[in-house]
Amino acid sequence: NNQVDVEPLLHPEYIHLYISTCISSCEGMRYDRHLQNKSVRLVCVFLQSLIRNGIVTVEDLYVEVQSFCIEFSRIREAAALFQLLKNQVNK
C-alpha cells in the first residue's frame, strides 16, 4: 500500500470559522450595497473553489451556506453556488 496520508494545510475547523466570518461580514455590509454585492460574489466563487477541489465537504456547511445563497439569490454567483450545493448533495 503506497498511499500516503497527507495532513491538510489548514484544519477544517479553521476553514469553517473563516467561511462563517466571511458570511457574517457580507450580511453586515448593508450600509454599502455595491461593496456587499462584490463581497458576496467573491465569497461564492471562493466557496465553489473549496467545494470543487475537495477542501470542504458540502455536508459540513450546507445549512449555513444554503441560507447565505438564498439571502443573496439576486446575485448570479450565489445562485450558481446554491446549484452546486444541491448537485453535490444529490450525488
Side-chain angles (χ1 to χ4, degrees):
N1 187 0
N2 290 344
Q3 188 174 4
V4 178
D5 287 334
V6 178
E7 282 291 314
L9 190 58
L10 287 172
H11 193 280
E13 195 174 315
Y14 292 122
I15 295 172
H16 296 153
L17 181 62
Y18 182 74
I19 291 168
S20 295
T21 302
C22 289
I23 288 173
S24 295
S25 294
C26 288
E27 291 169 345
M29 291 181 186
R30 290 183 175 84
Y31 58 89
D32 186 339
R33 185 74 164 236
H34 177 72
L35 180 61
Q36 183 182 51
N37 290 348
K38 183 176 180 180
S39 298
V40 168
R41 286 195 304 272
L42 288 170
V43 169
C44 288
V45 171
F46 175 64
L47 286 170
Q48 287 176 14
S49 176
L50 291 178
I51 292 167
R52 288 194 175 114
N53 290 308
I55 296 169
V56 297
T57 58
V58 171
E59 292 78 19
D60 290 344
L61 38 87
Y62 182 77
V63 173
E64 185 175 17
V65 174
Q66 181 188 36
S67 63
F68 174 74
C69 290
I70 291 169
E71 181 178 354
F72 296 105
S73 60
R74 69 181 186 279
I75 298 172
R76 184 177 62 244
E77 289 81 359
L81 176 58
F82 185 74
Q83 194 62 50
L84 177 64
L85 286 176
K86 283 178 49 176
N87 293 343
Q88 292 288 322
V89 167
N90 292 333
K91 279 187 175 180

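Just so you know, residue 1 is the first one in the sequence shown, and it goes up from there.
Ile23 and Leu42 fall into different hydrophobic clusters, where Ile, Leu, Val, Met, Phe, Trp and Tyr are joined by side-chain heavy atoms under 4.5 Å apart, directly or via other members. Follow the hydrophobic side-chain contacts under 4.5 Å out from Met29 and you never reach Val43; the two are in separate clusters. Both Ile15 and Tyr18 are members of a single hydrophobic cluster when ILVMFWY side chains are connected at heavy-atom separations under 4.5 Å. Hydrophobic clustering (side-chain heavy atoms under 4.5 Å, transitive across Ile, Leu, Val, Met, Phe, Trp, Tyr) groups Ile51 together with Tyr62. The hydrophobic clustering, which links ILVMFWY residues whose side-chain heavy atoms are closer than 4.5 Å, places Phe46 and Phe82 apart.
Using modelled atom types, one side-chain atom of Asp32 and one backbone atom of His34 make a donor-acceptor pair closer than 3.5 Å. Distance alone, capped at 3.5 Å, places no donor-acceptor pair between the Arg33 side chain and the Arg30 backbone. Side-chain atoms of Ser25 come within 3.5 Å of backbone atoms of Thr21 as a donor-acceptor pair (strictly under, hydrogens ignored). In this structure, the side chain of Ser73 does not engage the main chain of Cys69 through any donor-acceptor pair within 3.5 Å.
Annotation: the span from Asn37 atom CG to Arg74 atom CZ amounts to 5.0 Å, rounded to 0.5 Å. Interatomic distance, CD of Gln83 versus CD of Gln88, reported as 11.5 Å (0.5 Å rounding). With rounding to the nearest 0.5 Å, the separation of CG in Leu47 from SG in Cys22 is 7.5 Å.
The closest side-chain heavy-atom distance from Ile19 to Leu50 is below 4.5 Å. Side-chain contact between Val58 and Val65 is absent, with no heavy-atom pair separated by less than 4.5 Å. In this structure, Leu17 and Glu13 have side chains that are not in contact, with every pair of non-hydrogen atoms separated by 4.5 Å or more.
Within 6.0 Å of CD on Glu59 lie more than 12 heavy atoms contributed by other residues, nucleotides or ligands.
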Review point. Taking it one step at a time, do Phe72 and Phe68 satisfy ring-ring contact (aromatic ring centres under 6.0 Å, His included)?
Key: CA-CA 6 Å; Phe72 296 105; Phe68 174 74; 5.2 Å; yes
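A pairwise comparison of heavy atoms in Ala78 and Cys44 identifies CA-SG, 3.5 Å as the closest pair. Smallest separation of non-hydrogen atoms from Gln36 and Glu27: NE2-O, 4.0 Å. Nearest heavy atoms, Leu81 versus Gln48: N-NE2, 3.3 Å.
Within the structure, no pair that satisfies the salt bridge (Lys or Arg N to Asp or Glu O under 4.0 Å) test touches residues 37-53, not counting sequence neighbours.
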